[in-house]
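This report concerns only the one structure given below.
Just so we're on the same page: letters track the sequence lines, and every chain starts at 1. Owing to the predicted nature of the structure, the values given are computational and were not obtained by experimental measurement.
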Protein chains: 2
Amino acid sequence: MSDSSTFETDKSLACYNIAAVERDTGLSKDTLRVWERRYGFPNPVRDQHDERLYTLPQLEKLRLLRLLIDHGHRPSKIINCSTPELAQLISANSPEQAAPPEIEAIIQLLLSHDIEAFRTTLMQSLMRQGLLQFVTHTVSALNYWIGEAWLSGRIAIFDEHLYSEHLQNILRNAILSEPGRGSAPRVLLTSLPGEKHRIGLLMVEAVLATEGAACVALGAETPAIDIKHAVPAYAVDIVALSFSSAIPQAAALAGLAELRTLIPHNTEIWGGGGALARVRKAADGVLLLRSLDDMRYALQRWRVEHLQPDGQRKTPH
Amino acid sequence: MSDSSTFETDKSLACYNIAAVERDTGLSKDTLRVWERRYGFPNPVRDQHDERLYTLPQLEKLRLLRLLIDHGHRPSKIINCSTPELAQLISANSPEQAAPPEIEAIIQLLLSHDIEAFRTTLMQSLMRQGLLQFVTHTVSALNYWIGEAWLSGRIAIFDEHLYSEHLQNILRNAILSEPGRGSAPRVLLTSLPGEKHRIGLLMVEAVLATEGAACVALGAETPAIDIKHAVPAYAVDIVALSFSSAIPQAAALAGLAELRTLIPHNTEIWGGGGALARVRKAADGVLLLRSLDDMRYALQRWRVEHLQPDGQRKTPH
DNA sequence: GTCACTCATTTGTCGTGGACAAAAAAGGTT
DNA sequence: AACCTTTTTTGTCCACGACAAATGAGTGAC
């Protein structure tokens with residue numbers, strides 16, 4: 001029902017209703033209204049029906065605020081800064097130390113907008129190192145430093161989108177051409193609703209592919225109930241979930257605990273990713289993986305427990 | 001702040017707060033509250049602070065309701081049906097005619113959960129037809145019939161997720177191995193916030209690849225302002241946007257009109273996808289593409305207008 | 001019969017303001 | 001520095017009224 005999300009006034013100044021601002025900034029309607037009540041910003045004009053109409057400059061300031069808040073600033077401290085002041089705060093956010101030279105070189109290529117050179121450099125890095133090394137070293141470092149560069153305003157969102165797309169191309173291509181496919185265990189790989197990052201999932205899938213495990217990849221954001229139904233349908237041994245650091249730690253743990261109540265206990269649950277990196281203990285029957293190497297050990301452990309020396313299952317499911 | 005989204009009561013019956021239900025059903029909090037007020041369902045218990053706690057059966061019924069409403073049923077007519085009655089309504093939703101045999105065969109493979117056979121069959125279909133034919137015929141038919149099968153309850157959501165993932169693998173791999181890359185025009189390809197479907201974008205990218213156009217693929221859900229900034233950065237000639245039929249038609253048109261006000265008029269805007277298939281006219285300066293073939297003609301037209309016979313630009317940007 | 005138009009009903013979103021849980025910061029102790 | 005407690009900040013939840021947008025039914029023209 002949010003069709004006419006933008007209006008065109010006489011002066012051709014586009015105005016956004018509250019639903020459009022929520023979509024474009026990620027700030028909930030409740031938050032937008034309570035900021036207006038408390039801090040006086042944003043202070044949108046009203047249409048003839050007393051509904052809020054935000055201007056483009058307001059929307060741009062809100063996006064800067066969101067970025068700074070995600071980086072640790074408090075709303076009340078920065079909400080009355082001007083847009084240029086906010087931009088300055090963002091650029092002041094330079095990381096403590098510089099990225100390693102080979103990572104920095106790739107970021108520079110991304111900044112140069114030379115797509116071809118960017119793609120071929122990544123491909124060469126993959127060829128030189130092999131898939132496993134490429135994923136566990138180069139890609140994880142790239143993710144970290146590109147995130148930093150985004151927070152410090154060095155690279156734009158669309159550059160990050162482009163990075164994500166091309167890395168997906170490369171990883172999916174590499175996974176497809178990995179020779180061994182489909183021996184035990186069978187791993188269902190996905191994330192819960194709210195976790196949109198796909199690169200982490202693809203990195204896991206790549207490691208599983210190099211280890212020769214059968215991967216049932218469902219992409220991102222599968223509701224827990226659907227995972228429950230998929231487990232018997234695909235006869236999986238393990239459900240692996242990825243939680244990026246964009247997810248609050250407590251939400252990740254709650255999701256794992258909920259899933260544990262839904263699926264049978266002879267199916268293992270593995271959780272990993274940035275959100276869980278500093279967690280000590282999760283729910284009973286949930287295995288925390290703090291790195292991709294951790295997962296390779298867990299895979300070995302599973303095979304020792306469940307497979308005979310000839311590779312056959314001890315108890316076929 | 002929605003960390004403890006699920007609770008565990010004495011009877012180990014998981015309960016969901018309103019934020020978790022919104023995430024898992026796609027129904028907004030406002031809608032959930034107004035249904036309760038008007039129709040008496042869902043009727044969640046309250047915790048000690050008078051906040052709603054939904055049960056798993058309620059959540060499952062809400063998901064069925066959502067599915068039926070998306071398929072044209074009215075909330076007031078079905079909201080007081082029991083869960084089995086709703087399930088029956090869904091299975092009664094059989095499509096008028098059967099899918100073509102080669103499509104039906106692929107759907108059967110998806111239903112059989114034999115991932116390997118599913119993948120190889122798709123690959124063979126691609127090899128036999130070539131990328132262009134595969135995309136314009138097989139993939140578009142598959143999208144339609146899998147959507148139908150989902151609405152009629154024949155296939156589960158996780159099956160559709162798996163289909164989407166594997167098709168992405170195959171299409172991205174095919175695009176990567178398409179020989180000619182990077183001649184004019186340069187096309188920026190993405191979708192606006194709210195449009196999450198990636199398959200449509202990849203289909204467009206595949207057609208552009210076979211036609212030898214340079215594609216700047218940003219993935220799904222790029223806010224309009226970011227598209228505005230990406231246009232000069234990547235020096236694109238055309239911005240192509242995809243709108244699946246999950247998006248209301250009016251919202252798609254509003255998005256296109258907004259974008260038209262943001263980016264310079266010597267950059268063309270093309271819009272396509274299910275949401276726009278039955279539209280007559282969009283905003284001035286926006287080209288509607290009703291099929292992938294339409295886009296090929298538009299590409300030809302652009303080249304005639306902007307390129308000299310030797311392939312050089314008439315007016316380099 | 002189909003198209004276009006108007007009118008009635010249904011349905012989801014928006015408004016207000018108060019309350020308070022959860023997260024973060026500040027203060028105090030070992 | 002690590003840990004617990006208190007205070008402050010911050011976002012979410014509540015109720016219920018209003019009404020715009022979407023849908024369906026009714027009417028008339030071609």
Side-chain angles (χ1 to χ4, degrees), chain A residues 1-5 7 15-23 25-41 43-54 62 65-66 68-80 194 247-251 253-254 278 280, chain B residues 1-5 7 15-23 25-39 41 43-54 62 65-66 68-80 194 247-251 253-254 275 278 280:
Chain A
M1 295 220 168
S2 65
D3 57 341
S4 56
S5 57
F7 291 82
C15 288
Y16 300 84
N17 64 25
I18 197 168
V21 175
E22 176 179 47
R23 268 213 327 249
T25 64
L27 298 165
S28 77
K29 293 167 192 162
D30 272 333
T31 301
L32 290 166
R33 286 193 277 250
V34 89
W35 280 7
E36 184 180 342
R37 204 196 309 169
R38 288 202 185 121
Y39 314 120
F41 181 88
N43 191 9
V45 297
R46 305 300 181 103
D47 67 5
Q48 70 269 31
H49 305 295
D50 227 38
E51 304 195 344
R52 293 171 171 79
L53 285 182
Y54 298 82
L62 286 168
L65 286 170
R66 171 81 206 253
L68 284 163
I69 290 166
D70 284 350
H71 203 246
H73 285 83
R74 307 308 305 273
S76 60
K77 310 279 182 189
I78 56 174
I79 200 161
N80 285 315
I247 297 280
Q249 187 186 96
L253 290 173
R278 289 167 205 159
R280 291 171 188 165
Chain B
M1 292 220 171
S2 64
D3 56 339
S4 56
S5 57
F7 292 83
C15 288
Y16 300 84
N17 64 24
I18 196 168
V21 176
E22 176 179 46
R23 267 210 331 242
T25 64
L27 299 165
S28 77
K29 294 167 191 162
D30 273 332
T31 301
L32 289 167
R33 285 192 278 248
V34 91
W35 280 7
E36 185 179 341
R37 206 196 309 169
R38 288 202 185 123
Y39 313 119
F41 181 88
N43 192 7
V45 297
R46 304 301 181 105
D47 67 6
Q48 70 269 32
H49 304 294
D50 227 39
E51 303 195 344
R52 292 170 173 79
L53 285 183
Y54 297 83
L62 285 168
L65 286 169
R66 172 81 208 253
L68 285 163
I69 289 166
D70 284 351
H71 203 246
H73 285 82
R74 309 305 304 272
S76 60
K77 309 279 182 192
I78 56 174
I79 200 161
N80 287 314
I247 296 281
Q249 188 185 95
L253 291 173
R278 288 167 206 160
R280 291 173 188 165

- Whichever of B:Val34 and B:Glu51 has its nearest DNA chain C nucleotide further upstream toward 5': B:Val34

- Item | Heavy-atom side-chain proximity of B:Leu27 to B:Leu65 below 4.5 angstrom | no

- Message: Side chains of B:Arg66 and B:Thr25, heavy atoms from C-beta outward: is any pair under 4.5 Å?
- Response: no

Can you find a side chain N or O atom of [X] that sits less than 4.0 Å from OP1 or OP2 on [N]?
X: B:His49; N: C:dC20; answer: no
X: B:Ser28; N: C:dG12; answer: no
X: A:Lys29; N: C:dT13; answer: no
X: B:Arg33; N: D:dA15; answer: no
X: A:Arg52; N: C:dT16; answer: yes
X: B:Ser76; N: C:dT11; answer: yes
X: A:Tyr39; N: D:dT9; answer: no

- Message: Report for the helix from C:dT6-D:dA25 to C:dT30-D:dA1: angle between first-end and last-end helix axes, five pairs each, rounded to 10 degrees.
- Response: 40°

Tell me the interatomic distance from [X], atom [atom1], to [N], atom [atom2], rounded to whole angstroms.
X: B:Trp35; N: D:dA15; atom1: CH2; atom2: P; value: 17 Å
X: A:Arg46; N: C:dT16; atom1: CZ; atom2: C1'; value: 10 Å
X: B:Ile18; N: D:dA15; atom1: CD1; atom2: P; value: 9 Å
X: B:His73; N: C:dT11; atom1: NE2; atom2: P; value: 13 Å
X: A:Lys77; N: C:dA23; atom1: NZ; atom2: P; value: 20 Å
X: A:Asp30; N: C:dG18; atom1: CG; atom2: C1'; value: 13 Å
X: A:Leu32; N: D:dC13; atom1: CG; atom2: P; value: 15 Å
X: A:Leu27; N: D:dG11; atom1: CG; atom2: C1'; value: 11 Å

- Note on the structure: For B:Asn80 and B:Tyr39, the nearest pair of non-hydrogen atoms, with its separation, is OD1-O, 3.9 Å

- Item | Closest heavy-atom pair and its distance - B:Ile247, B:Gly194 | CD1-O, 3.7 Å

- Residues in side chain to side chain donor-acceptor pair (under 3.5 Å) with A:Arg52, at least two apart? A:Glu36

- Item | Any N/O donor-acceptor pair, B:Arg74 side-chain to D:dG24 base, under 3.5 Å | no

- Message: Suppose we call a contact any N or O donor and acceptor under 3.5 Å apart; does that hold for the side chain of A:Arg38 and the base of D:dG11?
- Response: yes

- What's the closest nucleotide to the B:Arg37 side chain, out of C:dG18, D:dT10, D:dC16? D:dC16

- From CD (A:Glu22) to OH (A:Tyr16), nearest 0.5 Å: 16.0 Å

- Message: Nearest 0.5 angstrom please: A:Ile79 CD1 to A:His73 NE2, how far?
- Response: 13.5 Å

- Task: Could you pull out all residues at least two apart from A:Glu51 that satisfy side chain to side chain contact (heavy atoms under 4.5 Å, CB included)?
- Result: A:Asp47, A:His49

